[in-house]
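To keep things clear, I will list the structure first and then write my remarks on it.
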2 protein chains.
Amino acid sequence: MKDVAAAAGVSLGTVSNVLNRPDRVTASTREKVERAMADLGFIRNESARSLRSGRTRALAYVMLDAGNPFFTDVAQGIEHAAESADLSLFLCNSDSREAREATHLGHLEQQRVQGILITPVDPDTPLLDAIAQRGTPLVVVDRIRKGDQFCSVAVDDVLGGRIAVEHLIDRGHRRVAFVGGSLGVGQVADRYEGARLAWAAAGLPSDDLTLVAADSLTVASGRSAGERLAGIPSNRRPTAAVCANDLIALGLLQQATATGLRVPDDLAIVGYDDIEFAAAAAVPLTSVRQPRQELGRAAADLVLDEATNPEHRHQQVVFTPELVARASTLGTHPRVSLAD
Amino acid sequence: MKDVAAAAGVSLGTVSNVLNRPDRVTASTREKVERAMADLGFIRNESARSLRSGRTRALAYVMLDAGNPFFTDVAQGIEHAAESADLSLFLCNSDSREAREATHLGHLEQQRVQGILITPVDPDTPLLDAIAQRGTPLVVVDRIRKGDQFCSVAVDDVLGGRIAVEHLIDRGHRRVAFVGGSLGVGQVADRYEGARLAWAAAGLPSDDLTLVAADSLTVASGRSAGERLAGIPSNRRPTAAVCANDLIALGLLQQATATGLRVPDDLAIVGYDDIEFAAAAAVPLTSVRQPRQELGRAAADLVLDEATNPEHRHQQVVFTPELVARASTLGTHPRVSLAD
DNA sequence: TCGTTCGATTAAAACGTTTCAAAGGAGCGG
DNA sequence: CCGCTCCTTTGAAACGTTTTAATCGAACGA
């Protein structure tokens, strides 16, 4: 900036004014300065800027698993919000590792980002409280957290599990499997809980809603669950499966297809998340849709409110999931004959 | 830091020494200072740090489409490299929009990141040259760029197209469709070129390798291409399709399944990229695998070399793709009967 | 006892902005 | 022609570090 000032024959302060309050500067000088900036290829130094102003122009989202389209969609919602607020968005991936998450959080705090959005490995880690305490606006995404240390945005997973199972009951299923990861993950536990509630409400015997474990929420886990399911004699095998997420459902679908189980005739499948690949599966997947982009946007709005509004109050926003019924439970009626 | 110094009863410089050259400080004072830091919840200010040092501890990757698993895998490779170099990674998503890309690049230059990795919307945009010229290390990922303004890392797409088609010829296919987006995208043009080369090399009539347009590299485009393909009378319909990427292939697979075309018996399908969902499809997809993580890591290594090694020379790294054959071309032999 | 030497600590400058109070100048009315 | 006012421009301080040269003190040898 000093060089620009010299080149334009004005003072440093004037250059700053051209940048920050162009209206305070005469058209002619502004022009001179702008030309000088162009000639010199001047690029504002953001470090100096934020050092001086005490605030960066950046937001950050620490995602749990960048390989899961669900989170990239959430990120996109955040990105839009950031874009309209003219902020950069720092995307970090913890890859479900607490250590990596901690490293990222450390860096972000040092960067003094305006706010941190995070889908934490463990929503109850004291790390989050510490950050909030120290003053960085923080919003937990896709997890609920009792207490009022910070905001959170989530989807009602109990309800999601419920509507998935209700749909299957409606379609006449009386033996259903819940295929889920470890119940240690809050999400999964809630969805299972919802499933059981729906089952009980319909007055069905609780033994007929079986729990099929899967050690992680991945396609591979879904495949292995599929193997176990296929191994059950057909007169006792569940006629439908509710999966803890779409990745599992996709794996299950693949395994079912490979072993000759017809979907949905032999096994109906309901996924969870409604990621794009759910609709794109060979047998399009019925799934519980979460408003992913809205989730992101709402979280970003909250964090910005906390960052700018002194009267901010922490709140827990809960969205409502929605069932999207497709062929994996409805059947493949349109078995059109080929035009030829 | 001033507060820490006061609390510990030492000078500011000592605190800095504790942070940066702990060996120069007596154990007892170091301890005092560390306690003070803990008590006060001191967090280093990265802006000040990088202002003073003239360099940030961050790398950035501007990705073309965060929704495409291919790019998130590349990003993961970069992330690993960044992690080992103890740098933060700024992930940005241009979402294939030049304007957004430009905005991101602007921000990144202002942040003075150590290096920029990018999969650009248009590899020939002068923006990139300008950035390189101004001195920010820059590496183009997954695109080749003639000239030697900066490094690039890519995969040999002509070869990729070639091995895909060779595989189909080997399997006996004599009418093949190339389903691709606009040839304006360099990737697609190269893959098509490779396909034609293989076709010609086998001495097959060029009319029997048909080009099926798709306006974008998405699942939806694949579906619509599938409709067009299914509309062709079976005696003239291609018996196999090579797709410009896996998303298209997945859409095609879905549409084929919906209209009753059996894969691979009626239509064999080869994808491109070998994203995780290709293997996870109901009929696992044969695909041309690109070394995604390696791509990212190599790019990161190059950018770091440029940032730190004064003798750095720009180079264009080209990886070799590899065919992964699966059921979508090999057939679904394992149609196991059910244990029941 | 007095210099020396060496290690630990300190003081001060610098990084590139923003901001605020103050200075400068033009135009105007008296 | 003077004094005001109002708008533009300027100068200097401040943001929180890192770094370098300088200072201080203790231990040691002569």
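Contact record, B/Pro123 with B/Leu128: O-CD1, 3.9 Å, taken as the closest heavy-atom pair. Nearest heavy-atom pair across B/Val141 and B/Thr119 is O-OG1, 3.1 Å. In this structure, B/Gly115 and B/Val303 approach most closely via the heavy-atom pair CA-CG2, 3.8 Å. In terms of heavy atoms, A/Val153 sits closest to A/Phe319 at CG1-CE1, 3.7 Å.
Taking a 6.0 Å sphere around CZ of A/Arg24, one finds it holds 12 or fewer heavy atoms contributed by other residues, nucleotides or ligands.
For A/Thr26 and D/dT9, the shortest distance from a side-chain N or O to OP1 or OP2 is below 4.0 Å. Not one side-chain nitrogen or oxygen of A/Thr14 sits closer than 4.0 Å to the OP1 or OP2 atom of D/dT8. Remark: A/Thr29 is not in phosphate contact with D/dT8, judged by side-chain N or O atoms under 4.0 Å from OP1 or OP2. Checking the phosphate oxygens (OP1, OP2) of C/dA11, no side-chain nitrogen or oxygen of B/Ser11 falls inside 4.0 Å.
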Per-nucleotide protein contact string for nucleotides 13-23 of chain D, where B marks a base within reach and S marks sugar-phosphate only (heavy atoms under 4.0 Å, - for neither): BBBBBBBB---

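No hydrogens or angles considered: a donor-acceptor pair under 3.5 Å links the side chains of A/Gln290 and A/Asp273.
Taking 4.0 Å as the cut-off between side-chain N and carboxylate O, B/Arg297 and B/Glu294 do not count as a salt-bridged pair.
Each end of the helix from C/dT1-D/dA30 to C/dG30-D/dC1 gets its own rotation axis from five pairs of C1' atoms, and the angle between them is 60° to the nearest 10 degrees.
In this structure, B/Lys32 atom NZ and C/dA8 atom C1' are separated by 12 Å, rounded to whole Å.
Contact of the B/Gln187 side chain with the B/Asp142 side chain is registered, since non-hydrogen atoms from C-beta on lie closer than 4.5 Å.
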